[in-house]
Amino acid sequence: MFNFMDPDFLARRCVWVNGPVIVGAGPSGLAVGACLKEQGIPFVILEKTDCIASLWQKRTYDRLKLHLPKQFCQLPKFPFPDHYPEYPNKKQFIDYLESYATHFDINPQFNECVQSAKYDEACRLWRVKTVSTNGSARSDVEYFCQWLVVATGENAERMVPDIDGLKEFGGEVLHACDYKSGEKFRGKKVLVVGCGNSGMEVSLDLCNHEAQPSMVVRSSVHVLPREICGRPTFELAMFMLKWLPLWLVDKLLLVLAWFILGNIEKYGLKRPSLGPLQLKNTKGKTPVLDIGALEKIRSGEINVVPGIRRFACGMVELVDGEMLNIDAVVLATGYSSNVPYWLQEAEFFSRDGFPKSPFPNGWKGKDGLYAVGFTRRGLSGASADATKIAQDIGKVWKEDLKQKKQKVPTHRRCISQF
Ligand SMILES: Cc1cc2nc3c(=O)[nH]c(=O)nc-3n(C[C@H](O)[C@H](O)[C@H](O)COP(=O)(O)OP(=O)(O)OC[C@H]3O[C@@H](n4cnc5c(N)ncnc54)[C@H](O)[C@@H]3O)c2cc1C
Ligand SMILES: NC(=O)C1=CN([C@@H]2O[C@H](COP(=O)(O)OP(=O)(O)OC[C@H]3O[C@@H](n4cnc5c(N)ncnc54)[C@H](OP(=O)(O)O)[C@@H]3O)[C@@H](O)[C@H]2O)C=CC1
Ligand SMILES: O=C(O)C(=O)Cc1c[nH]c2ccccc12
């Protein structure tokens, strides 16, 4: 069970956690924490950065707002303030998450990156190893716990495509997660690779700062208006789904989109053969909710171009043979899960770092393993997972308490040095 001679084991501080270990202090981890607090269950949240919601605080652009109306983005048991607008901006969302953590008295352990986690059959506990990420002299830790909640998110790592010649390009190349504003690209020709919500919004932001973006659309994309007849499209879709099958809702959305946006294929925005919600559900590809990029595409201020063949010094060659002179490249090429890098488990999670079982069964594995925020349903999916996970852990917790017939003090942590 324990190898007392293993130098790695000897170098680590060992901590027994009475309750679950939650990996990640984003909205998902906080939501699980809040639901556990409500039941008086202690837990530890391990967060590799120095703040909560690091995706929102450190890896998003300035002009970002929630795309879905606020009622679909709030976390369990603590609504957004009434005065918040329908689509809160990035600062308002972060402020909300900060007050969420304060309200539930959630204090994650910052600067601790989970390096590996595996279930130890012999001691029937999860063993979670972390390394300190702030360079402090504090030693690395191994946590032992009965439950492990994976809350590292669908957007943990940037996806960087390996495109021929990119290294020889010479100009600035950045991923959308490092893009803040178009200010520094004023007057520059910028190639934006990708046409998801990030690619569209980065292109729009570049236009607003007098840069000249060309946006790569290599395959297809669903663009929907954010509102239909003054009501949020997402709300309308959720309403229709109560009565109608998904394929029909998709057809109706596309008819409405056609009336409002017209034929967008003539601008190079080919629609996928699957409908927008079906595509989101089966492939995880989010439809673009338009907040102004389409108008810039129509006016020619955003130049839509086909796929990339290769880069050369200061240039890009497209698949149709056209050569463009460009000053910078923004890779709005998406994200991936990082679970396969650290979770040593192959039954519940697949190799792409998402649970194998599709929604609504992807939240619970074996041996006390849980996943929150991997349903490809944004923040509302994460909230639903969090509620179920905390209830499930709560049942066992209460059963254990009954059996022990004694009250377990909260946060009893035996910090033992072997
Ligand atoms: C630009 C952008 C805009 C979005 N807008 C919306 C929206 O409007 N509405 C919506 O519903 N969804 C939106 N989403 C989806 C997004 O997934 C959610 O908003 C939300 O951030 C998901 O929360 P999460 O906690 O699951 O993941 P994250 O917010 O990514 O949090 C995961 C946390 O885990 C930490 N972590 C990762 N690996 C480790 C490790 N090994 N050890 C310790 N800590 C680790 C990270 O540092 C991070 O803090 C958006 C996504 C992006 C990229
Ligand atoms: N305000 C909001 O709510 C916002 C929400 N988001 C969310 O964040 C998540 C991530 O979005 P996003 O960052 O846009 O990522 P996505 O995964 O949605 O989109 C990635 C894009 O990059 C393209 N791409 C990938 N590799 C290449 C390549 N080698 N050459 C050309 N194109 C390539 C993809 O094309 P293909 O389809 O052909 O693979 C796709 O268009 C989504 O869920 C999104 O909704 C993002 C921004 C704002
Ligand atoms: O932004 C995301 O990643 C989400 O999952 C939320 C979301 C934005 N637009 C959508 C359209 C359909 C389903 C979910 C979303």
Side-chain angles (χ1 to χ4, degrees), residues 22-32 45-49 51-61 63-70 72-73 87-88 90 93 97 108-117 128 130-131 133 150-163 175-177 192-202 215-222 224 226 233-234 237-238 272 276-277 279-281 283-289 291 306-308 331-339 341-343 372-383 385:
I22 300 167
V23 187
S28 296
L30 296 176
V32 175
I45 302 187
L46 303 173
E47 166 57 50
K48 71 174 175 183
T49 70
C51 63
I52 62 159
S54 68
L55 174 68
W56 285 83
Q57 305 224 44
K58 293 178 192 269
R59 293 188 286 136
T60 51
Y61 44 88
R63 59 156 293 134
L64 178 64
K65 282 185 178 171
L66 292 174
H67 259 189
L68 307 184
K70 61 178 179 178
F72 297 102
C73 296
Y87 300 100
K90 165 170 151 170
F93 186 54
L97 294 173
Q109 305 211 172
F110 294 116
N111 303 307
E112 277 202 63
C113 182
V114 172
Q115 221 185 10
S116 80
V128 184
T130 66
V131 288
T133 49
V150 178
T152 44
E154 299 170 352
N155 310 109
E157 304 296 323
R158 62 191 73 188
M159 208 100 95
V160 176
D162 183 17
I163 307 175
H175 190 273
C177 66
V192 178
V193 186
C195 58
N197 280 301
S198 298
M200 290 277 180
E201 279 185 35
V202 166
M215 184 178 72
V216 176
V217 182
R218 69 166 174 186
S219 59
S220 56
V221 58
H222 274 303
L224 301 174
R226 193 181 63 172
T233 305
F234 189 81
M238 292 304 119
L277 296 179
L279 193 67
K280 176 77 178 157
N281 276 357
K283 305 263 160 56
K285 192 167 166 179
T286 319
V288 168
L289 291 171
I291 55 164
I308 297 165
L331 297 170
T333 43
Y335 300 86
S336 66
S337 162
N338 68 10
V339 174
Y341 296 113
W342 57 269
L343 185 64
V372 50
F374 291 90
T375 59
R376 297 187 164 112
R377 279 168 172 72
L379 294 155
S380 62
S383 294
D385 286 342

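Keep in mind that what you see is a predicted model, and the values were worked out from it rather than measured. These numbers come from the heavy atoms of this one structure, side chains and all, not from hydrogens, waters or symmetry mates. Ligands are counted one by one from 1 in listed order, and the atoms in each one are counted from 1 as well.
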Mark the output for A156 as yes if a heavy-atom distance to ligand 1 is under 4.0 Å, and as no if none is.
no
Measuring from the heavy atoms of A176, does anything fall under 4.0 Å of ligand 2?
no
Side chain, backbone, both or neither: which applies to N197 and ligand 1 if a contact is any heavy-atom pair less than 4.0 Å apart?
neither
Backbone, side chain, both or neither: what part of H67 comes under 4.0 angstrom of ligand 2, heavy atoms only?
both
Residues in side-chain contact (heavy atoms from CB on, under 4.5 Å) contact with T60, at least two apart in sequence or another chain
L64, K90
Below 4.0 Å from any atom of ligand 1, is there a heavy atom belonging to A151?
yes
With K283, which residues qualify under salt bridge (Lys or Arg N to Asp or Glu O under 4.0 Å), at least two apart?
none
Heavy-atom distances under 4.0 Å are what count here, so tell me which part of S198 touches ligand 2: side chain, backbone, both or neither.
both
Any idea which part of T152 is under 4.0 Å from ligand 1, heavy-atom wise: side chain, backbone, both or neither?
both
Please classify the L64 to ligand 2 contact at 4.0 Å (heavy-atom distances, strictly less than): side chain, backbone, both or neither.
side chain
Please determine whether any non-hydrogen atom of E112 lies less than 4.0 Å from an atom of ligand 1.
yes
Say whether E154 and ligand 1 are in contact under the criterion: heavy-atom distance to a ligand atom below 4.0 Å.
no
What residues, two or more places apart in sequence or in another chain, satisfy salt bridge (Lys or Arg N to Asp or Glu O under 4.0 Å) together with R158?
D178
Taking atom 42 (N) of ligand 1 as the point of reference, which of V114, N155, T60 owns the nearest heavy atom?
V114
Heavy atom of the protein closest to atom 6 (C) of ligand 1 (residue, atom name, distance)
W56 CZ2, 3.9 Å
Is the closest heavy-atom distance from G307 to ligand 2 below 4.0 Å?
no
Which pairs of nitrogen or oxygen atoms, taken one from ligand 3 and one from the protein, are under 3.5 angstrom apart?
| unit_1 | atom_1 | unit_2 | atom_2 | d |
| --- | --- | --- | --- | --- |
| ligand 3 | 5 (O) | K280 | NZ | 3.0 |
| ligand 3 | 5 (O) | G378 | N | 3.2 |

Yes or no, since that's all I need: does a protein heavy atom fall within a distance strictly under 4.0 Å of atom 8 (O) of ligand 2?
no
Quick look: T130 vs ligand 1, heavy-atom contacts under 4.0 Å, and the answer is neither
